[in-house]
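Accompanying notes for the structure given below.
All values below were derived from every heavy atom in this structure, side-chain atoms included, with hydrogens, water molecules and symmetry-related copies excluded.
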Amino acid sequence: MRLNRREFIKLSGLLAAGGIVPPALLSGCSSRRLPGTGKLTATPTVCDICFWKCAGTVHVEDGLPWKVVGNDDDPHSTGRLCTRGTGGLGAYEDRDRLRQPLLRVHQNGKQTFKPVSWDEAFGFIAGKMQTIAEKHGRDRLALLAHGSGGSHFERLLKAYGSHAYAHPSFAQCRGPREVAFGLTYGEGVGSPDRTDMEHSRCVVLVGSHIGENLHNGQVQTLIDAINQDATLITVDPRFSVAAGKSKYWLPIKPGTDIALLLAWINVLINEGLYDKDYVARYTVGLDQLTQHVQPFNPEWAYLETGLDPELIRDTAYAMAASAPATLVHPGRHVTWYGDDTQRERAIAILNALLGSWGRKGGFYIQEKVDLPAYPAPQPAKPETDWKAVVQPEFPLAPTGISQKILQACAGPEAYFKGLFVYGTNLPHTIPDIKATLEAAADNLDLFVVIDTLPAEITGYADVVLPECTYLERYDDLRNSPERVPSLALRMPAFEPSHDTRPAWWMARQLAVRLELGEYFPWDDYADVLDWQLKQVGSSLEEMQASGVKRYPRKTPLYFADRQDIRFQTPSGKIELYSRTLAEHGYDPLPVYTAPEKPAENYYRLNYGRGPAHTFGRTTNNPLLFELMPENAVWVNPRVASQWQLKNGDYVQLKNQDGVISNRVRVRVTERTGANAVFMVHGFGHTARGLRLTSGVGADDAGLMTNVKLDPIMGGTGMRANFVTFVKA
Amino acid sequence: MIEEILITARSNPKVDPGLGIWSWEIPLYLFLGGLTAGIMCFAALIILLRKEDQAPWAARKMVIWAPVLLTVGMGALFLDLEHKLYVYRFYTTFQISSPMSWGSWILLLVYPASILLILCSIRDAYPRLAGLVDRFSIGHWITTYACSHRQQVAQWSLILGVFLGFYTGILLSAFSARPFWNTGFLAPLFLTSGLSSAAALVVLGSRSPSERLMFVRYDIGLISLELALIALLLVNLATGTAVQLEALSHVTSGDFAISFWLYFVCLGLLVPVALNYLEISGRRIWVFVSPVLVLYGGYMLRLITVEVGQVSRWTSYTQSFDPALLDLLR
Amino acid sequence: MAQYAMVIDTKTCIGCGDCVVACKTENNVPAGLNRDWVVEATRGTYPNLTTEFRSERCNHCSHATCVYTCPTGASHYWRDSNIVLVDASKCTGCKACIAACPYDARLIMHPDGYIDKCTFCHHRVEQGLDPACVSTCPTRCMHFGVLDDPNTPVSRLLQSRDYKVLLPETGNQPNVYYLV
């Protein structure tokens, strides 16, 4: 691709020069000039391929994109981008990107998308928004967002008069752990996760597959721990990359993690191996916990998990021996079986017993830069509480639940009349959502999708607004709560392609049309950033040169020895026993429920990540497509021989409800047990506009029709589906 | 179980999933090179052993095919190059460790040698052509020189012919990375095959029944020698290391078994040698069947060798992904 | 002859493929062609398993059969070192070098036709930098340097850890080492 562009420029240059073609023969072959010998420019950026937000530098040679590398000063990446970040230029060069605003029109008796001007698109949206305000109310507009530009649309939403928004990363990803840790410690784990693995002496991964899940800082700090000979314990039914580097791999039966966690708690308490001082000083509920875990000894756990009781004991001893520098990792995407908040509670409790919260090698205390917001009027809070209408059964959910909002857009009695979707491809994100999505699309008066690619979600919209990629825009400064407070700048390395624009511009334009411009009192977002930076002793100019600026911590990184601490829980202490849960009618201590058993010849559908891709966002990125063009279903050799499947065969998967997937390649491997199959999520796209990846691989999300709803926070558990093979 | 797979897609054209860099051009070149070597060797030998009366066509008339066939072979070689405009680079240096470099220069010497070999008999073999050549002073001078130095011309042609025949084998056998080729037997095998093909050419081209019968006899000997060398080559592989055993399996039980045993050994060697034997026993048969099969067998030898050699390898990875998907990018 | 070597720690390689993408972008490798790749080797039966990841590329062998076999001298050693480069202006595209490499590390540069492969980023080595793959590896499992000096990180790693090379029996003396 890059070659074609260079050739094009070269040819046109030659033709312009009068068509004299120098004889390349005698002067030597015009082999590629050595990289880096042309005219170079470097621009700082913050990667947006996933949500770790590493700072990097975009290098451009002779006006053409060359490469993206990490910023050495950046605590998120330590100067090295991950696989996807290094392939970031592919997002810019993707030929299938959205180019222009699209409006749904009726033409020749069919519905189709017509390319329109921004003016026309905004006019349509503003008109519809005003109608909704008049006919139904300003609080009847909702937003589902994922990514940096979402904050601008949130501001627009609030200015308009609604607070109804959700990030799918809550109910489809890390919601259970935020709620569980919030209930236990008074605060969640946050992003970037506050794990201090670079100092851990023992790391326990429960189902987490760091190494295939490529959150840069997580991988780097886990490898730091490995390099320092920390004991790695991995609990996973599959032989993951992390399992391959572990001292102990516990090949647990899927769905039985809580049994194991309870057994570990049982061993630590009964054998007195927990941090007595820490527990006495900082926690409440030990007595109830002790009584609760008595029946759950390793022998009992063996019957549920299939794990040897000696192994359960040995790993408990290993964890205790390294405490408090023992981290029982809370995981990231943890919406699995519907009792996920309880499982995360068990993990939080285990960490408390080991004394790792707030201690070196466990969980550190996060700090952000004290960055003031740009002065702008704050919109008034709406009078109605949308959560009371849309998700009343989840009082403990601190934020919106995406599928509840979507459900509230469907049907004649729908609460919401307008929906904005920013940067999230809902059919691949929320399991079993297609019917709801179609009903919502039928019902909504306004459906706007903002995206960079023509993903499946765009097919449902009234208006599609094309955003430029992160390489072409400014965005809010990255100010993440981290070990070292830092600010990172994202600035455009290229002009926006075709007619794409940044989210901040779109939100402001709409606001102006709706006479809400006062809430967006700026013209160019670069001015906002400059103002903010000047408040903290920097400037846009300085950041444009350096990309990252570190600030000294004002608060300590860990608890001091015997420090008096008040946690933000009702009791002011770490709540091993959660009164809040009890008061709301949930189990105050984690309870184990045995998982469903599959029918004969059905195997649990285990899914996960691959290092080459960020779910479905990158499968059309040409650089990353080249690395991993399709996914494969991992099948144990015994199962494969039973079904006469060989490596490289293509099969379809049928789930317990009869849903059949696209064809997917078979990989026969011992790395998965005979009771489960595994595939990487994000493939099986049906959007024809994604010309590389459309129809390639199979979509696991489409097979997740058995969704286990977490009763505490509304998370959609996705690991309770079973599949069998349909030979093509 | 050992599972060794590529987990990033690699689909370099002609390299993945299996080596496919040379198809028909190289085997054709090797065959024609071997045939040229055989032609020159026979012509030279007959002159040196003073048997020209018994084999006039082989000694004097066949040689004119040598530069023609060689040029066709080199044309095929040129077609195979990926960077054709730089073909002249073969001749701006001599790389002593590279058999291909040796070959480029040997070919350059073979042409004048073959020209001299033609010219030393041209006045008897092709009088009209000789008349045309003699009209030019330089042509006349060279022809006279060749005729008067017939023995030396034959000696040098013999040496270059053997070099050429061996070179076509060494070209392949020098590749240590391709276990099927990496055997010393390939050089004499290809030379023998070249001689056998040249003998077949005589049987096809000569008008004299006695000359034809003479070369039918020679061909029996040459084909038998070829069979022996092939047997030794296979035994060498069968008693070799793991990669050699794997290389052998391609012709004993793999995709190339039928081509090798039926199309090559049977049709290209056993049937001709049987037909030749019948012929010298006095049976009446169609005399052109055997030499045609011998020529066909000569080409098949090169073709199968080149193909199996590329398939034989030291590494063995399984692709995780359908390589065809990468074509979407190209 | 300066001996440049790459030392890769399989204990901390996670097989993420970052090295492959970094090489692509740094060297403007055309779409669909690869100078390096990642191999996964799993041994055993569930649940007794080990997995090893290897980032592979041209091994810049000290006894490179591809250099010896090249008829035009296009495949050559760079500046008295073991870094093997291809001079495109001398390459005829005969592909003998591709046949000569036991590691299948060479490729045809489409559409131009000359032969290409990993260059150990000699353009970066010249400036004292590491190859792009080494510089980008997020787990820092890749190391690069000269083995002639016993105090370089690569020398020290080979002195202190067990290691292997790929197919030593070919006699090519490869210079990419894998710590085990």
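- Two residues are said to be in side-chain contact when any heavy atoms from C-beta on lie closer than 4.5 Å; C:Pro71 and B:Ser98 meet this criterion.
- One distance of note links OG of B:Ser176 with CD of C:Glu169; it measures 11.5 Å at 0.5 Å rounding.
- Most heavy-atom pairs under 4.5 Å with chain B: of the set C:Val20, C:Thr51, C:Val67, C:Val39, this distinction falls to C:Val39.
- In terms of heavy-atom pairs under 4.5 Å with chain C, the best-connected choice from B:Arg313, B:Glu82, B:Lys84 is B:Glu82.
- Contacts of B:Trp102 with chain C are absent, with no heavy-atom separation under 4.5 Å from either backbone or side chain.
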I'd like to know whether B:Gln95 forms a side-chain contact (heavy atoms from CB on, under 4.5 Å) with C:Tyr68, so could you lay out the CA-CA distance, the side-chain angles of the two residues, the decisive distance to 0.1 Å, and finally the verdict. CA-CA 8 Å; B:Gln95 299 288 321; C:Tyr68 298 140; over 6 Å; no
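- Open room surrounds CH2 on B:Trp156; 12 or fewer heavy atoms of other groups in view lie less than 6.0 Å from it.
- Side-chain N or O atoms of B:Arg178 include none that pairs as donor or acceptor with a backbone N or O of C:Ala100 at under 3.5 Å.
- For chain B, the nearby parts of C:Val38 are the backbone and the side chain; heavy atoms of each come within less than 4.5 Å.
- Counting heavy-atom neighbours within 6.0 Å of C:Arg43 CZ, excluding the residue itself, gives a total of 12 or less.
- More than 12 heavy atoms of other residues, nucleotides or ligands shown are found within 6.0 angstrom of CG on B:Asp327.
- Among B:Tyr91, B:Phe94, B:Phe175, the residue making the largest number of heavy-atom pairs under 4.5 Å with chain C is B:Phe175.
- In this structure, the portions of C:Ile98 lying under 4.5 Å from any heavy atom of chain B include both its backbone and its side chain.
- Side chain of C:Lys95 to main chain of B:Asp80: a donor-acceptor pair is present (N/O by atom type, distance under 3.5 Å, no hydrogens or angles).
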Hey, mind stepping through B:Met100 and C:Cys94 against side-chain contact (heavy atoms from CB on, under 4.5 Å) and telling me if it holds? CA-CA 9 Å; B:Met100 207 179 269; C:Cys94 73; 3.5 Å; yes
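- Considering OG1 of C:Thr92 and OH of B:Tyr88, their distance stands at 11.0 Å, rounded to 0.5 Å.
- Pairs of residues two or more places apart, or lying in two chains, that qualify as salt bridge (charged side-chain N to carboxylate O under 4.0 Å, His left out) and include a residue from residues 25-35 of chain C are A:Lys67-C:Glu26, C:Glu26-C:Arg124, C:Arg35-C:Asp116.
- Atom CZ of B:Phe163 is surrounded by 12 or fewer heavy atoms from other residues, nucleotides or ligands within 6.0 Å.
- When all heavy atoms are compared, the tightest approach of C:Ala99 to B:Ala177 is O-CB, 3.5 Å.
- Among the candidates C:Asp104, C:Thr65, C:Leu107, the residue making the largest number of heavy-atom pairs closer than 4.5 Å to chain B is C:Asp104.
- For residues 4-15 of chain B, a heavy-atom distance under 4.5 Å to chain C picks out B:Glu4, B:Ile5, B:Leu6, B:Ile7, B:Thr8, B:Ala9, B:Arg10, B:Ser11, B:Asn12, B:Pro13, B:Lys14, B:Val15, given by residue number.
- For B:Tyr263, the OH atom sits in a loose shell: 12 or fewer heavy atoms of surrounding residues, nucleotides or ligands are nearer than 6.0 Å.
- To the nearest 0.5 angstrom, C:Asn34 atom CG is 7.0 Å from B:Leu326 atom CG.
- In the displayed structure, C:Asp162 atom CG is contacted under 6.0 Å by at most 12 heavy atoms of other residues, nucleotides or ligands.
- Of the two parts of B:Thr315, the backbone and the side chain both hold a non-hydrogen atom closer than 4.5 Å to a non-hydrogen atom of chain C.
- Only the side chain of B:Tyr317 comes within less than 4.5 Å of a heavy atom of chain C; its backbone N, CA, C and O stay farther away.
- The structure places OG1 of C:Thr72 at 7.0 Å from CZ of B:Phe90, a figure rounded to the nearest 0.5 Å.
- B:His83 contributes a side-chain N or O that, together with a main-chain N or O of C:Cys91, makes up a donor-acceptor pair within less than 3.5 Å.
- Heavy-atom distances place the side chain of C:Arg54, and not its backbone, under 4.5 Å from chain B.
- The contact between C:Thr42 and chain B is made by backbone and side chain atoms together, counting heavy-atom distances below 4.5 Å.
- For chain B, the nearby parts of C:Leu33 are the backbone and the side chain; heavy atoms of each come within less than 4.5 Å.
- Among C:Cys66, C:Gly17, C:Gly73, the residue making the largest number of heavy-atom pairs under 4.5 Å with chain B is C:Gly73.
- Within a 6.0 Å sphere centred on CD1 of B:Ile258, heavy atoms belonging to other residues, nucleotides or ligands number 12 at most.
- In terms of heavy atoms, B:Leu329 sits closest to C:Ala31 at O-CB, 3.9 Å.
- The two residues B:Pro99 and C:Thr69 make their nearest non-hydrogen contact at CD-OG1, 4.3 Å.
- Listed options C:Ala96, C:Gly171, C:Ala74, C:Cys101 were ranked by heavy-atom pairs under 4.5 angstrom with chain B; first place goes to C:Ala96.
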